[in-house]
Amino acid sequence: MNDPQIFHPQQIEDTVINLAKRGYILDRNLLSELIERKKKLQIEEEILQNNRNQISKEISFKIKDTDVSDLKNHVIQINQRLESIKSEVEAASKALEAFYLDIPNLLHHSVHVGESDADNAVIKTVGHPKVFNFEPKDHVELGQHLNGINFSDAVKISGSRFVILQGQIAKLNRALISFMIDTHVNRGYTELNVPVLVKKEAMYGTGQLPKFADDQFMLERDQLSLIPTAEVPVTNMVRDEILSEDELPKKYVAYTSCFRREAGAYGKDTRGMIRVHQFEKVELVKIVKPEMGEDELESLLTDAENILRLLELPYRVVSLCSKDIGFCSQKTYDIEVFLPSQNTYREISSCSHFGTFQARRMQARYRSPHYKKPQLVHTLNGSGLAVGRSLVAVIENYQQPDGSIIVPEVLIPYMHGQKIITP
RNA sequence: GGAGAGAUGGCUGAGCGGUUGAAAGCGGCGGUCUUGAAAACCGUUGAAGGGGGCGACUCCUUCCCAGGGUUCGAAUCCCUGUCUCUCCGCCA
């Protein structure tokens, strides 16, 4: 949620322009109508409450030696009016709240305007796409050849868009996870193991609800959602907290399974494990002081890139354009890894700075000696990295003509010395 | 799953249905004292929303787990839910 301040007359022009870059047209008339309506009703409610409190207090003074039935009746009358006003206030607040919850975060000024992912700007390219002197296979073929990736049994037990890893590929997957976590811990992140089922409040806190309900798996009976990313449980750890300044920044790394319905992705990436309902991800989350937000995004990106550098995989970094940036984010970098089978770069990490957008929803604040009131924190997160896609990238980039896979140098210790994967 | 206990401010912990937004202690902040620090002493110290004033500020409403109810009036009484703890059962 945005700071309501940005809708005040002095700022609203800028706000309208900013939101329009995303394609969001702010209904200014409706907004001011909703605000005025709520304010008016609220003042009326408070006057009535004040009346009631005054008279009740008067009763307490007089009740011992005076007849107070007139006063009592008066309060009863007030309460009757209060009841209807209260429901009106509630309706007005809800309407305004719903309106606010639907407005995306303001874009950072450095974000460029664009219509789709085709307009994202390549910031840098690291390494070069490998040149193969043979026709590279894709991970599906390689995985079957190595008896390491099993779709048919996964489909049998869970349906499409699920996958089973087995044998050496399962081990390689586990090696990747451990390598990523260890690397991040060495750079100052605290390792967490968190629940993958969360309450609705948590999903609201980080912005997956109310707008994106179709994207998640939800356990109706228990009113719990399967997390689409570790961002949800980890970031929500600071929900309703007032932190002290010296607790910041908080830097967490969490490895979890993630679950997505992929509702809008029918027919997209149907082959292989690029887009599945259940996948694994190592996630980085930062809770920081507002003035540090921008720098922390850059270092978060560096930390995510570091994994690809160490794995010696070719990648590039793109800055997302105005219409490709997520609803809650004010600025996002994607890291894309080169996949030989597709001869293109595919997203493997997304690093975002949310400003106070999530913090306001979560009421996540910190106390600073510079301010009288608690201040909202900034939240950031980024994949470090998506494990399944990393596995795909390793398999495809390190494949040999005979279909075997060279184990990347940094993973060899995690493979207990194994240097090559053969059938 | 069965039985019981509990949920109060940053923390610990009081709280007869009527100036209790809430005692006390701890912590935090400011000050006195000190060469400095500690100790001691004094003062101060919750949040959200709204109104008014250029402003230091001031006024009002709400908040004692959540949601209902009783009452002129609820932290306090009643119901429901959530969570925590203890015991029993079951189980990884």
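Quick note: numbers below take in every heavy atom, side chains included, and nothing from hydrogens, waters or symmetry partners. This one's a predicted model, so the numbers in the text were calculated from it and none came from an experiment. All chains are named by letter (A, B, ...) in the order of the sequence lines, taking the proteins before the strands, and each is independently numbered beginning at 1.
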Under a 3.5 Å cut-off for both contacts, is B:C77 paired Watson-Crick or G-U wobble with anything, and if yes, with which nucleotide? B:G69
Could you please name the partner base of B:A39, counting Watson-Crick and G-U wobble pairs only when both distances are under 3.5 Å? none
Are there more than 12 heavy atoms of other residues, nucleotides or ligands under 6.0 Å from atom CG of A:Asn186? yes
Choosing from B:A47, B:U62, B:C72, which nucleotide comes nearest the side chain of A:Arg52? B:U62
Using the P atom on both, measure B:C64 against B:G4 and round to a whole Å. 27 Å
Quick check on B:U71: is either OP1 or OP2 less than 4.0 Å from any side-chain nitrogen or oxygen of A:Lys72? no
Looking at the side chain of A:Lys39, which of B:G50, B:U62, B:G18 is the nearest nucleotide? B:G50
5'-most contact on RNA chain B (nearest-nucleotide basis), A:Ile55 vs A:Gln49, goes to A:Gln49
So which nucleotide from B:G73, B:U61, B:A48 ends up closest to the side chain of A:Arg365? B:A48
Please work out whether the ring planes of A:His378 and A:His353 are parallel, tilted or perpendicular, with thresholds of 30° and 60°. tilted
Euclidean distance for C1', B:G28 against B:U86 (whole angstrom): 35 Å
When both distances are under 3.5 Å in a Watson-Crick or G-U wobble arrangement, the nucleotide paired with B:C16 is none
Could A:Asp117 and A:Lys323 be called an ion pair, given the rule that one side-chain N must be under 4.0 Å from one carboxylate O? no
Looking across every strand, which nucleic acid part, if any, lies under 4.0 Å from A:Ile63 by heavy atom: base, sugar-phosphate, or nothing? base
Would you mind classifying the nucleic acid contact of A:Asn53 as base, sugar-phosphate or nothing, using non-hydrogen atoms under 4.0 angstrom? sugar-phosphate
With rounding to the closest Å, how many angstrom separate the C1' atoms on B:G17 and B:C33? 48 Å
Calculate, to the nearest 0.5 Å, the distance between atoms NZ and CG belonging to A:Lys39 and A:Leu34 respectively. 12.5 Å
For B:G36 and B:G43, measure between their C1' atoms and round to the nearest Å. 23 Å
B:C33 -> Watson-Crick or G-U wobble partner, both distances under 3.5 Å, gives none
Note: for A:Ile43 and A:Asn51 on RNA chain B, the residue whose nearest nucleotide lies more 5' is A:Ile43
Roughly how far apart, to the nearest Å, are B:U12 and B:G68 at atom C1'? 32 Å
Base, sugar-phosphate or nothing for A:Ile59? Non-hydrogen atoms, less than 4.0 Å. base
Rounded P spacing from B:A22 to B:G9 in Å: 15 Å
Is it the case that B:G49 (base atoms only) and A:Glu46 (side chain only) share a donor and an acceptor within less than 3.5 Å, ignoring hydrogens and angles? yes
Atom CD of A:Glu90 and atom P of B:G49: how far apart are they, to the nearest Å? 18 Å
Short N-O contact, A:Lys62 and A:Glu58, less than 4.0 angstrom: yes
Taking any strand in view, what nucleotide pairs with B:C26 in a Watson-Crick or G-U wobble way, both distances under 3.5 Å? B:G10
May I ask you to say whether A:Asp215 pairs ionically with A:Arg260, meaning some side-chain N is under 4.0 Å from a carboxylate O? no
If you check every side-chain atom of A:Asn79, which of B:G73, B:U61, B:G18 has the closest atom? B:G73
Please measure how far the C1' atom in B:A5 lies from the corresponding atom in B:G10, and state the result in whole Å. 26 Å
Paired nucleotide for B:C85 [Watson-Crick or G-U wobble; both distances under 3.5 Å]: B:G4
Separation between NE2 (A:His184) and CZ (A:Arg187), nearest 0.5 Å, reads 8.5 Å
Watson-Crick or G-U wobble partner of B:A47, both distances under 3.5 Å: B:U62
Please name the nucleotide paired to B:G55 by Watson-Crick or G-U wobble geometry with both distances under 3.5 Å, or report none. none
Say we look at B:G46 and B:C42: how far apart would their C1' atoms be, to the nearest angstrom? 23 Å
Quick one: is A:Asn50 getting a side-chain N or O under 4.0 Å of the B:C60 phosphate, OP1 or OP2? no
